[in-house]
Asker: 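Take a look at the following structure, please.
Start at 1 and go down the list; that is how both ligands and their atoms are numbered.
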Amino acid sequence: MSRLIIVSNRVSVPDNKGAAAAGGLAVALQAALAERGGVWMGWSGKSSGDIEPEPLVLTQDGNITYALTDLTQTDVEEYYQGFANRVLWPICHYRLDLAEYGRKEMASYFRVNRFFAHRLAPLLEPEDTIWVHDYHLIPLAAELREMGFKNRIGFFLHIPWPPADVLFTMPVHEEIMRGLSSYDLLGFQTKYDLENFAGCLKREGMGVENSPGHFSAHGHNFRGGAYSIGIETAAFAAFARKAAAHSVVRKARQSIEGRDLIIGVDRLDYSKGITQRIDAFERFITNNPAHQRRVTYLQITPKSRSEVPEYEAMQHAVAEQAGRVNGAIGTVDWVPIRYINRSISRPVLAGLYRLAKVGLVTPLRDGMNLVAKEYVAAQDPDDPGVLVLSRFAGAARELKGALLVNPYDVDDTANALTRGINMPLEERRERWRGMMDHLLENDVSRWCDVFLADLRAE
Ligand SMILES: O=P(O)(O)OC[C@H]1O[C@H](O[C@H]2O[C@H](CO)[C@@H](O)[C@H](O)[C@H]2O)[C@H](O)[C@@H](O)[C@@H]1O
Ligand SMILES: O=c1ccn([C@@H]2O[C@H](COP(=O)(O)OP(=O)(O)O)[C@@H](O)[C@H]2O)c(=O)[nH]1
């Protein structure tokens with residue numbers, strides 16, 4: 001069996017393992033690699049200032065070799081904060097209004113991908129299978145091919161892929177499409193993302209789809225498919241069963257004093273629909289005075305990408321909004337929204353999900369959303385809660401037992417909250433069972449196996 005080499009911008013570093021890694025990619029890859037072993041190369045998350053980063057630092061932890069590199073401060077600002085998170089992220093989440101193009105950021109993006117390729121090259125052996133992850137590293141395969149590597153190279157995109165009219169607003173869309181065309185296998189979260197990709201390729205004759213999922217473009221034949229990422233379902237359910245004894249979970253249970261708990265867990269990101277969600281919660285309370293003082297909405301929201309201006313602005317906006325709504329609907333003995341900016345470890349999160357009668361997951365657009373899956377996995381089979389889920393999350397394609405909402409429609413989400421809080425036990429059980437069976441069968445291990453089997457197949 002060939003070695004597996006994973007490359008991603010974000011790496012869940014060994015000394016950080018017990019701590020909360022707020023980000024689905026790191027959580028999922030950690031789970032996938034722990035089982036198989038291999039090499040995981042990526043950014044250390046640190047800046048080397050204005051000097052060239054030191055050589056790769058290799059750390060062995062069990063069967064995983066971590067290979068981390070720093071980036072210069074300029075590269076952090078231009079490649080990660082600039083092009084990846086101010087151009088590709090908003091475009092792929094359909095937020096053209098937030099995209100900030102800059103020539104030097106685009107140049108830095110391609111330069112850092114070349115740098116990654118050069119750092120990776122000495123680690124590679126001819127039989128290695130290389131699996132590249134996410135929008136930060138689209139040009140990596142083209143760089144490796146340029147250097148003569150013939151390995152099987154796959155790519156998985158964790159975020160949505162937009163339609164041609166959206167993608168083509170990006171000045172370097174052709175180079176990005178060319179980069180994707182250099183892989184042997186492209187994985188998307190849903191078939192809609194795959195269809196959008198095929199549409200982008202065909203629109204201006206950049207490539208053709210020879211048969212479903214088989215493409216030719218820029219002189220290369222490659223395949224594409226939908227591979228919805230999963231979680232470690234059984235292990236997460238076990239966390240949740242044990243978590244009731246955890247002191248944080250016990251304190252949370254005591255402090256809600258028998259009220260119904262609604263939970264939201266998201267990085268502080270504009271794609272997650274947090275402001276619309278708070279509006280919907282306020283509407284739910286004003287529409288249902290009987291629930292006043294009888295529910296608590298816990299929103300766990302670790303800060304994310306704070307150096308990017310759009311994220312910094314959002315931190316202020318959400319904090320201000322949560323305060324305003326608490327002021328408007330709270331009473332002397334009831335704080336309706338508990339808004340937390342710290343990251344919580346996943347074993348504790350599992351216990352909080354299990355305490356919650358409703359999991360409120362309403363992104364405006366999301367590649368998958370692992371929180372939705374974790375919420376389901378954490379439930380008590382005898383008394384499960386209800387998942388209220390945005391129809392624009394990749395997870396909505398799979399979790400048929402959720403109450404699907406349009407997150408832009410505040411009344412729709414407020415009504416789903418009413419329905420969720422009042423749902424009879426039998427209906428909750430039935431909805432939950434179907435989702436849990438699906439998650440047990442389609443866990444992260446299966447996702448990994450299926451993608452790698454397809455990548456390794458000629
Ligand atoms: O690395 P950061 O800039 O701190 O951001 C965290 C991660 O956010 C994104 O996660 C996505 O991957 C999840 C797992 O497939 C998926 O469920 C979710 O919908 C996506 O938003 C991003 O794609 C990762 O690269 C980041 O590491
Ligand atoms: O305080 C927190 C908040 C989130 N997460 C984890 O971060 C991941 C978020 O993944 P998701 O796919 O929902 O969204 P992303 O942040 O990757 O866009 C999930 O595994 C969460 O359990 C965590 O460990 N602690």
Asker: Step by step, work out the side chain to side chain contact (heavy atoms under 4.5 Å, CB included) result for Val76 and Asp70.
Answerer: CA-CA 9 Å; Val76 173; Asp70 296 347; over 6 Å; no
Asker: Distance under 4.0 Å to a non-hydrogen atom of Arg10: what atoms of ligand 1 satisfy this?
Answerer: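 So the atoms of ligand 1 that pass are 1 (O), 2 (P), 3 (O), 4 (O), 27 (O).
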Asker: Around atom CG of Asp50, are there more than 12 heavy atoms of other residues, nucleotides or ligands at under 6.0 Å?
Answerer: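 Atom CG in Asp50 is not packed in, count stays at 12 or less.
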Asker: Exactly one of Arg95, Arg305, Lys303 should register a salt bridge (charged side-chain N to carboxylate O under 4.0 Å, His left out) with Asp269. Which one does?
Answerer: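 Filter result, single survivor: Arg305.
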Asker: Do the two ring centres, one from Phe116 and one from His118, sit under 6.0 Å apart?
Answerer: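 No, the ring of Phe116 stays outside the 6.0 Å limit from the ring of His118, centre to centre.
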Asker: Taking distance alone, with N or O pairs closer than 3.5 Å, would you say Asn85 contacts ligand 1?
Answerer: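 Such a contact does not occur with ligand 1.
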Asker: Just distances here: any N/O of Ile344 and N/O of ligand 2 closer than 3.5 Å?
Answerer: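 N/O-N/O distance below 3.5 Å exists for this pair.
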Asker: So for ligand 2, is Ile300 a polar contact partner (N or O within less than 3.5 Å, distance only)?
Answerer: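 No; every N/O pair is 3.5 Å or more apart.
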Asker: Does a side-chain N-to-carboxylate-O contact under 4.0 Å join Asp380 and Arg241?
Answerer: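 Here Asp380 does not pair with Arg241 in a salt bridge, since their nearest N and O are not under 4.0 Å apart.
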Asker: Have a look at Met368, Lys373, Lys272, His158 and point out the one with the heavy atom closest to atom 14 (O) of ligand 2.
Answerer: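 It is Lys272 that holds the nearest heavy atom.
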Asker: Consider every N or O of Lys272 and every N or O of ligand 1, then say whether any pair is closer than 3.5 Å.
Answerer: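 The answer is no, given that Lys272 and ligand 1 share no N or O pair closer than 3.5 Å.
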Asker: What atoms of ligand 1 come closer than 4.0 angstrom to any heavy atom of Tyr80?
Answerer: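 Here the atoms of ligand 1 in question are 2 (P), 3 (O), 4 (O).
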Asker: On the 0 to 90° scale, with breaks at 30° and 60°, tag the Trp131-Phe451 ring pair as parallel, tilted or perpendicular.
Answerer: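 Trp131 and Phe451: parallel rings.
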Asker: Using heavy-atom distances, let me know which of Arg305, Met368, His93 sits nearest atom 26 (C) of ligand 1.
Answerer: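 The nearest heavy atom belongs to Arg305.
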Asker: Regarding atom 9 (C) of ligand 1: of the candidates Phe156, Trp89, Trp447, which has the closest heavy atom?
Answerer: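 Selected option, by shortest heavy-atom distance: Trp89.
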Asker: Answer yes or no: does an N/O atom from Asn369 fall short of 3.5 Å to an N/O atom of ligand 1?
Answerer: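 Looking only at distances, the answer is yes, because the N/O contact criterion of under 3.5 Å is met.
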Asker: Report, in ascending order of atom number, the atoms of ligand 2 lying under 4.0 Å from any heavy atom of Arg267.
Answerer: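 Those qualifying, in numeric order: 15 (P), 16 (O), 18 (O).
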Asker: May I ask you to list the atoms of ligand 2 that are less than 4.0 angstrom from any heavy atom of Val265?
Answerer: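 By the 4.0 Å cutoff, the relevant atoms are 3 (C), 4 (C).
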Asker: Under 3.5 Å, N or O to N or O, is Ser345 touching ligand 2 that way?
Answerer: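 No; every N/O pair is 3.5 Å or more apart.
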Asker: In terms of atom number and element, which parts of ligand 2 are under 4.0 angstrom from non-hydrogen atoms of Val371?
Answerer: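 Numbered from 1, ligand 2 contributes 13 (O).
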Asker: Return yes if a side-chain donor-acceptor contact under 3.5 Å exists between Arg397 and Gln189, otherwise no.
Answerer: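 No donor-acceptor contact under 3.5 Å links the two side chains.
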Asker: Can you measure from CG (Asp193) to OH (Tyr227) and round to the nearest 0.5 angstrom?
Answerer: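 Asp193 atom CG to Tyr227 atom OH measures 14.0 Å (nearest 0.5 Å).
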Asker: Distance under 4.0 Å to a non-hydrogen atom of Ile229: what atoms of ligand 1 satisfy this?
Answerer: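 Going through ligand 1 atom by atom, the ones under 4.0 Å from Ile229 are 15 (O).
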Asker: What atoms of ligand 1 come closer than 4.0 angstrom to any heavy atom of Gly367?
Answerer: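 Those of ligand 1 that fall under 4.0 Å from Gly367 are 19 (O).
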Asker: Examine the proximity of ligand 1 to Leu370 and report which part, side chain or backbone, both or neither, has a heavy atom under 4.0 Å away.
Answerer: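 Contact part for Leu370 vs ligand 1: both backbone and side chain.
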Asker: Ala243: what forms a side-chain contact (heavy atoms from CB on, under 4.5 Å) with it, not counting sequence neighbours?
Answerer: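 Applying side-chain contact (heavy atoms from CB on, under 4.5 Å) to Ala243 gives Val249.
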Asker: Taking 4.0 Å as the limit for heavy-atom contacts, which would you say applies to Asp266 with ligand 2: side chain only, backbone only, both, or neither?
Answerer: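 Neither; nothing of Asp266 gets under 4.0 Å from ligand 2.
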Asker: Is Glu374 close to ligand 2, meaning an N/O of one under 3.5 Å from an N/O of the other?
Answerer: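 Checking ligand 2 against Glu374, an N or O pair does fall under 3.5 Å apart.
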Asker: Out of Leu88, Asn9, Asp134, whose heavy atom sits nearest atom 22 (C) of ligand 1?
Answerer: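 Selected option, by shortest heavy-atom distance: Asp134.
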Asker: Taking the six-membered ring for Trp, are Phe236 and Tyr353 parallel (under 30°), tilted (30 to 60°) or perpendicular (over 60°)?
Answerer: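 If you compare the ring of Phe236 with that of Tyr353, the planes turn out tilted.
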Asker: Suppose we call two aromatic rings close when their centres sit under 6.0 Å apart. Are Phe115 and Trp43 close by that rule?
Answerer: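 Ring centres of Trp43 and Phe115 not closer than 6.0 Å.
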Asker: Can you give the donor-acceptor pairs under 3.5 Å from side chains of residues 179-188 to other protein atoms, not counting sequence neighbours?
Answerer:
from, atom 1, to, atom 2, distance (Å)
Ser181, OG, Met177, O, 2.7
Ser181, OG, His218, ND1, 3.3
Ser182, OG, Arg178, O, 3.3
Tyr183, OH, Leu137, O, 3.1
Tyr183, OH, Ile138, O, 3.1
Tyr183, OH, Ala141, N, 3.4
Asp184, OD2, Arg145, NH2, 2.9
Asp184, OD2, Ile153, N, 2.8

Asker: Taking distance alone, with no angle check, do Trp89 and ligand 2 share an N/O pair under 3.5 Å?
Answerer: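 No; the residue has no nitrogen or oxygen that sits under 3.5 Å from a nitrogen or oxygen of the ligand.
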Asker: Ring-plane angle category for Phe156 and His158, please: parallel below 30°, perpendicular beyond 60°, tilted otherwise.
Answerer: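 If you compare the ring of Phe156 with that of His158, the planes turn out perpendicular.
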Asker: Number the atoms of ligand 1 from 1 as they appear, then name those within less than 4.0 Å of a heavy atom of His136, with their elements.
Answerer: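 This gives 25 (O) as the contact atoms.
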Asker: Which word best sums up how the rings of Phe197 and Phe222 line up, parallel for under 30°, tilted for 30 to 60°, or perpendicular for over 60°?
Answerer: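 Because their plane-to-plane angle is over 60°, the rings of Phe197 and Phe222 count as perpendicular.
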Asker: State the atoms of ligand 2, each with its element, that fall below the 4.0 Å cut-off from a heavy-atom position in Arg346.
Answerer: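 Close to Arg346: 20 (O), 22 (O), 24 (O).
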Asker: Can you measure from CZ (Arg419) to CG (Leu417) and round to the nearest 0.5 angstrom?
Answerer: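 Taking CZ in Arg419 and CG in Leu417, the distance rounds to 12.5 Å.
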Asker: Ile159 heavy atoms, cut-off 4.0 Å: which ligand 1 atoms fall inside?
Answerer: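 Once the distances to Ile159 are compared, the set is 23 (O).
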Asker: Tell me which one of Lys46, Lys104, Arg111 satisfies salt bridge (charged side-chain N to carboxylate O under 4.0 Å, His left out) with Asp75.
Answerer: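 The option that passes is Arg111.
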Asker: Below 4.0 Å from ligand 1: does a non-hydrogen atom of His133 turn up there or not?
Answerer: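 No.
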Asker: Consider every N or O of Pro302 and every N or O of ligand 2, then say whether any pair is closer than 3.5 Å.
Answerer: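 N/O-N/O distance under 3.5 Å: no.
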Asker: So if I count the atoms of ligand 1 from 1 in the order they appear, which ones are less than 4.0 Å from some heavy atom of Leu25?
Answerer: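 That gives atoms 12 (O), 13 (C), 14 (C), 24 (C), 25 (O), 27 (O) of ligand 1.
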